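Worksheet: one structure, shown below.
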Number of protein chains: 2
Amino acid sequence: MKAKTAKVMEIPEEEKRLDKQLCFAVYATAHAFTRAYKPILDKVGLTYPQYLVMLVLWEKAELPVKTIGEQLDLDSGTLSPLLKRLEQNGLIKRTRDSRDERQVIVSLTPKGQAMRAEINTIMSSIGEAIGCTLEEMGAMREMLTRLRGNLNASL
Amino acid sequence: MKAKTAKVMEIPEEEKRLDKQLCFAVYATAHAFTRAYKPILDKVGLTYPQYLVMLVLWEKAELPVKTIGEQLDLDSGTLSPLLKRLEQNGLIKRTRDSRDERQVIVSLTPKGQAMRAEINTIMSSIGEAIGCTLEEMGAMREMLTRLRGNLNASL
DNA sequence: CAAAATTCACTTGCGTACAATTTAATTGCG
DNA sequence: CGCAATTAAATTGTACGCAAGTGAATTTTG
């Protein structure tokens, strides 16, 4: 039975530069997105991760914490305090599921529902900042989604 | 004098879904990268952002904090404590620039230099996890870099 | 040249991320 | 049924990110 033969190839020096790293391109773009969203989301009092949670809830107004975590790829260690802040801001409500008391059901308050009206403004603003064609955006999104699948599969 | 006419277009419902958001594709892929790097970088005792700083220093062994921040798009609020940890781990040294006492010059220690030998292993491992062709990687990197430029320009 | 403005790094405070642990509830299995 | 394994959420501890503010050094300007 052969042990794991880690094929360690010699990488050309050129390829070792920071600006040649795909990981860094993704990392830095993620931060750029957060910064671009900030002035827009400040107006409605949301952080970017909180906005993502709201996006999930605007699709389905009532979900257990676990499902939200699956969709955003976040664990309860991140979501618990974040949801607590959304609750304090009056956007969501948290209730134990009577069918399974382990679960906490997150649901939108009227205020949280009403905020959905801001989607058009938010997405239009960010769309302008992105400055790509819809085709490019779609292509990038698909490539990234596949890449993410590969990375997750490698674990 | 007309005020800024924000063209707020009506966004189709379909486009409002989380999984149609380019920003989320980037955000989630960035996390996937961090997770994929973790088992690899744990072996050498680095976090992913610390690894990025080391990449910069492996290109040029002596740089002011400001330059590192410019290359990584991070401010001193993030770098100061991170560099302190790298220093505590014996990988870098920090000295005030005698020409300009405001600046702190970060330089690699012998231990930090020696760690450069791990690049091949690290990049080969992650390259396998990425599971894309070199062409795809290059295309994605270029698109993301342009996107990042657009987002930064919008501020 | 001296006061004002700027620059650089550090610190503080808040909000993620995530590993690891804890607590409570439910499931599975003998 | 009864107890061990599993599951869900919260908590704890560490490490980013970043805004805002501090303090020291340098540059700009009147």
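Below, read A as the first sequence line, B as the second, and so on, with proteins coming before strands; counting in each chain starts at 1. Small disclaimer: the values here were computed from a predicted structure and weren't measured.
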At what distance, to the nearest 0.5 angstrom, does [atom1] of [X] lie from [atom2] of [Y]?
X       : Y       : atom1 : atom2 : value
T121(B) : I40(B)  : OG1   : CD1   : 9.5 Å
E101(B) : R96(B)  : CD    : CZ    : 7.5 Å
C132(B) : R146(A) : SG    : CZ    : 5.0 Å

Taking [atom1] from [X] and [atom2] from [N], how many angstroms apart are they, rounded to a whole number?
X       : N       : atom1 : atom2 : value
D100(B) : dC8(C)  : CG    : C1'   : 8 Å
Q103(B) : dT6(C)  : CD    : P     : 19 Å
L63(A)  : dA8(D)  : CG    : P     : 14 Å
R96(A)  : dT23(C) : CZ    : P     : 15 Å
D97(B)  : dA25(D) : CG    : C1'   : 12 Å
L79(A)  : dA9(D)  : CG    : P     : 9 Å
K66(B)  : dT26(D) : NZ    : C1'   : 14 Å
R85(B)  : dC10(C) : CZ    : P     : 13 Å

So, does R99(A) get its side chain near the phosphate of dT26(C), meaning an N or O under 4.0 Å from OP1 or OP2?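 Checking R99(A) against dT26(C): no side-chain N or O falls below 4.0 Å of OP1 or OP2.
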Within the pair K84(A) and dT11(D), is there a side-chain N or O less than 4.0 Å away from OP1 or OP2?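 Yes, within the criterion.
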Give, ordered by number, those residues of residues 41-59 of chain B having at least one heavy-atom distance below 4.0 Å to an atom of DNA chain D; if nothing qualifies, reply none.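 Within this stretch, T47(B), P49(B), Q50(B) sit under 4.0 Å of the strand.
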Should I119(A) and L18(B) be regarded as members of a common hydrophobic cluster, given that ILVMFWY residues are connected when their side-chain heavy atoms come within less than 4.5 Å of each other, either directly or indirectly?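 Yes, because I119(A) and L18(B) connect within a single hydrophobic cluster, where side-chain heavy atoms sit under 4.5 Å apart.
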Decide, yes or no, whether a salt bridge links [X] with [Y] under the criterion of side-chain N to carboxylate O below 4.0 Å.
X      : Y      : answer
D75(A) : K66(A) : no
E59(B) : R17(A) : yes
K84(B) : E87(B) : no

Which letters describe nucleotides 18-23 of chain D, given B = protein heavy atom under 4.0 Å from base, S = only from sugar-phosphate, - = neither? BB----
Using the side-chain heavy atoms of Y27(A), tell me which of these nucleotides is nearest: dA10(D), dG17(D), dA8(D).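 The nucleotide sitting nearest to the side chain is dG17(D).
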Would you indicate what L82(B) reaches in the nucleic acid, counting non-hydrogen atoms under 4.0 angstrom: base, sugar-phosphate, or nothing?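 Sugar-phosphate only.
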Can you work out whether I105(B) or E101(A) has the more 5'-proximal nearest nucleotide on DNA chain C?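 Upstream on the strand: I105(B).
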Just by distance, no angles: are the side chains of E136(B) and T133(B) close enough, under 3.5 Å, to form a donor-acceptor pair?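 There is such a pair (donor and acceptor under 3.5 Å, judged by atom type) between the side chains of E136(B) and T133(B).
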Specify whether Y48(A) and Y27(B) have parallel, tilted or perpendicular ring planes, treating 30° as the upper limit for parallel and 60° as the lower limit for perpendicular.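 Rings of Y48(A) and Y27(B): perpendicular, over 60°.
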